[in-house]
Amino acid sequence: MNRLDGKVAFLSGAARGIGGETARLMAQAGAKVAIGDVLDERGRQTAREIEAAGGEALYVSLDVTQEASWTAALAATLKKFGGLDILVNNAGIFNGKGVEDATLDEWHRLVAVNLTGVVLGTRAALPHLRERGQTSPHGSAIVNLASVAGLVGSQLDPLYSLTKGGVTLFTKSTALEFGRKGYRIRVNSIHPGVIDTDMGQQTFAMRAQALGTNDTTATRKTSLAMHPIGRLGEAEDIAKGIVFLASDDAGFMTGSGLVVDGGYTAQ
Ligand SMILES: NC(=O)c1ccc[n+]([C@@H]2O[C@H](COP(=O)([O-])OP(=O)(O)OC[C@H]3O[C@@H](n4cnc5c(N)ncnc54)[C@H](O)[C@@H]3O)[C@@H](O)[C@H]2O)c1
């Protein structure tokens, strides 16, 4: 189950966190993985760790907001691995400020990374994914990182929520567009609850700030209470879902959203 033998995957924002763990699991599942990020040191280290564990990995500098950066990163991936079967649009940033509090620059930055980054990644990878999709039994795959914040409203981070809602519907729309055009590329999103990564820590800090305190222990506890399963998520919880969506075991899935949220949106 969930094997990726012979496949090549490109993951944005995979120097650390959910993307880093996904790159590790994908390599264990037999894929060659290319990691793109703005955190060069951390990204190289993640690639080295994957190779030390017997996997095949490449680190490339990537700023998802820049079209030329995508072109260069994918060219390096194709040069080393010879093709592309899987794109994981994972890079993202968080902003926990209210509508009245965030600056216009902060909003533009959020849009640039969380939305423009996904559009540019999809466009840049498209010809390569199409090519491999023609010969693969279940086609190529794109997995987009949305969020529970792309499914239900958020009291404290409406702007972040707007970007993730966009990712949710871009996923469905591109699945339909590529299906209509006969591209043989499945597109699905994944919707994590709160995950204990650097971004997770940042959400606790920003929520405390929004409430006018420094008490991140309290905001962590509030977040925890929203997960009926009784714990926050780990990067691995989400990575396993991404590997599944990228694998041929999800061969009949496209335009879907896989919710991995410890019950957050069940209530
Ligand atoms: N942690 C959570 O609670 C949570 C919940 C739901 C969804 N998500 C989503 O999952 C994805 C991964 O989040 P994470 O928790 O691993 O966060 P993280 O902050 O640990 O990792 C995000 C990665 O994206 C990279 N990145 C940021 N801007 C970039 C840019 N312009 N170009 C290239 N890379 C860039 C960062 O350097 C970092 O390595 C994000 O899209 C996030 O919105 C996270």
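Indexing begins at 1, ligand by ligand and atom by atom, following the structure's order. Here, residue 1 is the first one in the sequence, and each next residue gets the next number.
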Tell me whether [X] has any N or O atom under 3.5 angstrom from an N or O of ligand 1.
X      : result
Ile195 : yes
Ala14  : no
Ile18  : yes

Whether [Y] and [X] form a salt bridge (side-chain N of Lys/Arg under 4.0 Å from carboxylate O of Asp/Glu) is what I want to check.
X      : Y      : answer
Arg231 : Asp237 : yes
Asp215 : Lys221 : no
Asp37  : Arg42  : no
Arg123 : Glu67  : yes

Taking atom types as modelled, is there a side-chain donor on [X] or [Y] under 3.5 Å from an acceptor on the other?
X      : Y      : result
Asp40  : Ser61  : yes
Glu41  : Gln45  : no
Asp196 : Gln201 : yes

What residue and heavy atom of the protein are closest to [atom], and at what distance?
atom                    : answer
atom 17 (O) of ligand 1 : Met199 CB, 3.3 Å
atom 31 (N) of ligand 1 : Asp63 OD1, 3.0 Å
atom 6 (C) of ligand 1  : Ser147 OG, 3.4 Å
atom 8 (N) of ligand 1  : Tyr160 OH, 3.6 Å
atom 29 (C) of ligand 1 : Val38 CG2, 3.9 Å
atom 18 (P) of ligand 1 : Arg16 NE, 3.5 Å
atom 5 (C) of ligand 1  : Gly193 O, 3.2 Å
atom 10 (O) of ligand 1 : Leu145 CD1, 3.5 Å

Does the side-chain contact (heavy atoms from CB on, under 4.5 Å) test come out yes or no for Thr46 and Arg24, once each step is laid out?
-> CA-CA 8 Å; Thr46 301; Arg24 268 185 210 101; 4.1 Å; yes

With heavy atoms of [X] as the reference, note each atom of ligand 1 found under 4.0 Å away.
X      : result
Gly200 : 1 (N)
Gly17  : 16 (O), 20 (O)
Gly13  : 23 (C), 24 (O), 25 (C), 34 (N), 39 (O)
Val194 : 3 (O)
Leu39  : 37 (O), 39 (O)

Could you tell me whether [X] approaches ligand 1 through its side chain, its backbone, both or neither, with non-hydrogen atoms closer than 4.0 Å?
X      : result
Leu62  : backbone
Arg109 : side chain
Ala146 : backbone

Regarding [atom]: of the candidates [options], which has the closest heavy atom?
atom                    : options                     : answer
atom 14 (P) of ligand 1 : Thr197, Val167, Thr46       : Thr197
atom 36 (C) of ligand 1 : Asp37, Thr163, Asp261       : Asp37
atom 27 (C) of ligand 1 : Ile242, Asn90, Ile93, Val88 : Ile93

For the pair Asn188 (side chain) and Met253 (backbone), establish whether a donor and an acceptor sit closer than 3.5 Å, ignoring hydrogens and angles.
-> yes

Please confirm whether the backbone N or O of Ser140 pairs with a side-chain atom of Asp85, one donor and one acceptor, at under 3.5 Å?
-> no

Using the side-chain contact (heavy atoms from CB on, under 4.5 Å) rule, take Thr219 and Thr216 through it: C-alpha gap first, then chi angles, then the decisive distance, then the call.
-> CA-CA 5 Å; Thr219 47; Thr216 53; 4.2 Å; yes

Say whether Lys164 and ligand 1 are in contact under the criterion: heavy-atom distance to a ligand atom below 4.0 Å.
-> yes

Is the closest heavy atom of Gln66 to ligand 1 under 4.0 Å?
-> no

Geometric cation-pi criterion Arg130 and Tyr183, 6.0 Å radius, 45° cone | yes

Walk me through it: do Asp198 and Gln202 pass the test side-chain contact (heavy atoms from CB on, under 4.5 Å)?
-> CA-CA 6 Å; Asp198 290 73; Gln202 208 188 338; over 6 Å; no

Greater than 12 external heavy atoms within 6.0 Å of Gln267's CD = yes

